[in-house]
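Input: a single structure, listed below in structure tokens.
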Amino acid sequence: MQLPENRFKRALAAHEQQIGLWSSLASPLSVELLAGAGFDWLVLDMEHAPNELPMVVSQLQAMAAYPTHPVVRPPWNDMVAIKRLLDAGVQTLLIPYVETEAQARDAVAFTRYPPQGVRGYASGARGSGYGRIADYAKHCADELCVLVQVESRLGLENLERIAAVEGVDGVFVGPGDLAAALGHAGDIAHPEVQATIEQTIERIVAAGKPAGILTPNETFARRYIELGCLFTAVGSDIGILGRGADALAARFKPAR
Ligand SMILES: O=C(O)C(=O)[C@@H](O)[C@@H](O)[C@H](O)CO
């Protein structure tokens with residue numbers, strides 16, 4: 001059995017735009033449905049979704065037949081959570097709320113076996129093909145992709161130092177938390193938030209790392225792509241299902 005290639009990581013390294021979608025419904029059925037839509041990547045969110053490890057494994061299995069790449073966001077930048085996700089076969093992590101160079105180094109170290117890092121070793125986990133992938137421990141890091149989220153004032157202050165950390169493969173701008181950090185919680189469209197997002201994307205690009213973001217607003221998404229955003233999530237399962245259901249009901253039912 002061969003170590004699966006991380007096509008998403010290689011696409012970012014080749015500066016190929018990757019269009020993604022956010023999944024918070026925590027269901028293998030909805031993930032399987034979305035994996036067939038044609039997106040390059042799909043976030044399986046564990047931070048802002050009732051999504052636990054066994055459920056994520058089922059979602060990984062549900063999308064394994066599709067080329068859409070799973071990106072898993074653990075609840076926090078946590079050694080144990082990351083170890084368990086890598087053992088489960090996750091190859092791309094989106095680590096929330098990274099604010100300092102040290103936290104970025106920790107995030108990378110949590111994905112590396114000693115001596116490069118502190119990842120705990122298991123011989124027969126799903127990630128190693130239940131032990132069938134030869135030399136997994138030696139080569140697995142080549143196909144791991146570590147994306148970190150910058151979404152606070154301190155993170156913005158340390159942006160270039162975070163981006164420069166070896167093993168950080170991309171920097172994702174968290175628009176919602178950034179808006180809150182700027183005093184505009186819930187108002188991502190606020191001019192100060194948009195200006196900060198645009199400047200942050202430009203700074204990440206200037207730092208030589210792929211920039212990423214999530215926005216369901218097509219105008220914003222195309223603007224961010226113009227600025228060099230390379231992994232761009234353009235919607236979410238909840239947004240599509242929720243707003244679509246609302247609109248359909250409204251066509252047949254009087255407004256409540
Ligand atoms: O906006 C943020 O901050 C984020 O990290 C988001 O991209 C996600 O939390 C998103 O809002 C989840 O639905």
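All values below were derived from every heavy atom in this structure, side-chain atoms included, with hydrogens, water molecules and symmetry-related copies excluded. Remember, it's 1-based here, ligands and their atoms both numbered in the order they're listed.
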Is it the case that one hydrophobic cluster holds both Leu230 and Val150, taking links as side-chain heavy atoms less than 4.5 Å apart, direct or via other members?
-> no
Answer yes if the ring centres of Phe110 and Trp76 are under 6.0 angstrom apart, and no otherwise.
-> no
Please name the residue in the list Arg10, Lys9, Arg7 that meets the side chain to side chain donor-acceptor pair (under 3.5 Å) test with Glu143.
-> Arg10
Considering only the protein, which heavy-atom contact is closest to [atom], and what is its distance?
atom	answer
atom 10 (C) of ligand 1	Leu214 CD2, 3.6 Å
atom 12 (C) of ligand 1	Trp22 NE1, 3.4 Å
atom 1 (O) of ligand 1	Gly176 N, 2.5 Å
atom 3 (O) of ligand 1	Asp177 N, 2.8 Å
atom 9 (O) of ligand 1	Arg73 NH2, 3.0 Å

Any atoms of ligand 1 less than 4.0 Å from a non-hydrogen atom of His48? List them with their elements.
-> 9 (O)
With a cut-off of 4.0 Å, which atoms of ligand 1 are near a heavy atom of Phe172?
-> 7 (O)
What's the verdict on salt bridge (charged side-chain N to carboxylate O under 4.0 Å, His left out) for Glu166 and Arg105, showing C-alpha distance, side-chain angles and the deciding distance?
-> CA-CA 8 Å; Glu166 185 179 348; Arg105 291 191 187 284; over 6 Å; no
Given that the side chain starts at C-beta and the backbone is N, CA, C, O, which of these parts of Glu47 lies under 4.0 Å from ligand 1, counting heavy atoms, or is it both or neither?
-> neither
Report yes or no: do Asn51 and Gln59 form a side-chain donor-acceptor pair below 3.5 Å?
-> yes
On a heavy-atom basis, the closest approach of Leu21 and Ser236 is CD1-N, 3.6 Å
Quick one: does Pro175 get a heavy atom under 4.0 Å from ligand 1?
-> yes
Ile82 side chain reached by Asn77 side chain, heavy atoms, under 4.5 Å = yes
